[in-house]
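Below is one structure, written out as structure tokens; comments come after it.
In this text the structure is predicted, and so the values were computed from the model without any measurement. FYI, side chains are in, hydrogens and waters are out, and symmetry mates aren't considered; it's all heavy atoms of this structure. Within every chain, numbering begins at 1; the chains are lettered A, B, ... in the order of the sequence lines, protein sequences first and strands thereafter.
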There are 2 protein chains.
Amino acid sequence: MAEQPLRLTRQRQAVADVLATLDDFRSAQEIHELLAGQGQAVGLATVYRTLQLLADHDEVDVLRGRDGEASYRRCSATHHHHLVCRSCGATVEVEGPAVEQWTRTVADQHGYADVSHTLEIFGDCPRCR
Amino acid sequence: MAEQPLRLTRQRQAVADVLATLDDFRSAQEIHELLAGQGQAVGLATVYRTLQLLADHDEVDVLRGRDGEASYRRCSATHHHHLVCRSCGATVEVEGPAVEQWTRTVADQHGYADVSHTLEIFGDCPRCR
DNA sequence: CTTTGTGCAAAGCCTTTGCAATTTT
DNA sequence: AAAATTGCAAAGGCTTTGCACAAAG
């Protein structure tokens, strides 16, 4: 079974371009709206299909929100986490080498391989207090 | 605003009982089926409502799967995280005092108050390799 | 020209909600 | 009797899918 060829279409390019301009997670629907807003209309179904494709190729990170909605973000070179304000949503990117190391150690101890993790920190930011 | 009284009904008891016999995560629909299977029929909507109630009171952990479906499991007294097998779902509870401390420190540095966090570790468990 | 991708609308799922009937206190 | 809870079915929201048409190679 050979690799099926991927065609570079206007739509796929548009989705990739938008992702490139964003630093944080956005839902498929938000991305769809952003595209429409800048005159690069792409069908919602296509947005979903493209994001899923990118996720399969590990080119975007996927995060599941409390309500089950998926959010996507292009993988950044450096791995980091988010400190999010629970009332206004202001986000700060934080890094935690120690945490990265810890998760690998813990997983190793239990025989789990190919480790990955998700970590989000929530709090009330200065402006919202 | 006073606490509204919670009534202990057959349905709520049944859901709690099932959760008590389980060690791992189950979806609301699975719990609903388990109940039906043991003659303790409870409406699906009620199962959802009860689980949400339990989650609000921190009596069950909620986990969002890759497909957006939520899974529930009664949680143990101490705060902990989960090491989940991405293929079979086998879960190990892990504690990380250092991580807890780190999140508080990071949040403090950025002026975020009333900190909480979520952390999930994913990997391929021994049995799935 | 053949194959892959897109759009639209319909369909699928999981979950939530309105409301009358029922149960608990 | 009053108030909370249940069940059912309808409604919601996100995501996937069938299919005819358009675009890419």
[N] [atom2] sits how many Å from [X] [atom1], rounded?
X	N	atom1	atom2	result
His32(A)	dT6(C)	NE2	C1'	12 Å
Phe25(B)	dC14(C)	CZ	P	18 Å
Gln40(B)	dG7(D)	CD	C1'	16 Å

- Query: CZ of Arg127(B): more than 12 outside heavy atoms within 6.0 angstrom?
  - Reply: no

Protein-proximity profile, nucleotides 8-16 of chain D, B/S/- by nucleotide at the 4.0 Å heavy-atom cutoff, equals B-----SBB

* Walk me through it: do Asp17(B) and Gln13(B) pass the test side-chain hydrogen bond (donor to acceptor under 3.5 Å, both in side chains)? => CA-CA 6 Å; Asp17(B) 286 349; Gln13(B) 187 65 59; 3.0 Å; yes

So which atom in [X] and which in [Y] form the shortest heavy-atom distance, rounded to 0.1 Å?
X	Y	answer
Leu83(A)	His110(B)	CD2-CB, 3.7 Å
Val62(A)	Ala70(A)	CG1-CB, 4.2 Å
Leu34(A)	Arg26(A)	CD1-NH1, 3.9 Å

Can you list every pair that meets ring pair (Phe, Tyr, Trp, His ring centres under 6.0 Å) and has a residue in residues 6-45 of chain A, with sequence neighbours left out?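 Ring pair (Phe, Tyr, Trp, His ring centres under 6.0 Å) check on residues 6-45 of chain A returns Phe25(A)-His82(A).
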
Distances under 3.5 Å between protein N/O atoms and the N/O atoms of nucleotides 23-25 of chain C, please, pair by pair.
residue: dT24(C); atom: O2; partner: Arg7(B); partner atom: NH1; Å: 2.8

Axis-to-axis angle for the helix from dC1(C)-dG25(D) to dT25(C)-dA1(D), ends of five pairs each, to 10°, equals 30°

Checklist entry - Between His81(A) and Trp102(B), how do the two ring planes meet: parallel, tilted or perpendicular, split at 30° and 60°? => result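 Ring orientation of His81(A) relative to Trp102(B): perpendicular.
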
### Task
Please name all residues satisfying salt bridge (charged side-chain N to carboxylate O under 4.0 Å, His left out) with Arg49(A), sequence neighbours left out, ordered by chain then number.
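For Arg49(A) there are no salt bridge (charged side-chain N to carboxylate O under 4.0 Å, His left out) partners, ignoring immediate neighbours.
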
Self-check item: Set of residues satisfying salt bridge (charged side-chain N to carboxylate O under 4.0 Å, His left out) with respect to Asp58(B), sequence neighbours excluded
Solution: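 By the salt bridge (charged side-chain N to carboxylate O under 4.0 Å, His left out) rule, Asp58(B) matches no residue at all.
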
*Val99(A) reachable from Val106(B) in the ILVMFWY side-chain graph, under 4.5 Å edges*: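 Same cluster: Val106(B) reaches Val99(A) through Ile, Leu, Val, Met, Phe, Trp or Tyr contacts under 4.5 Å.
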
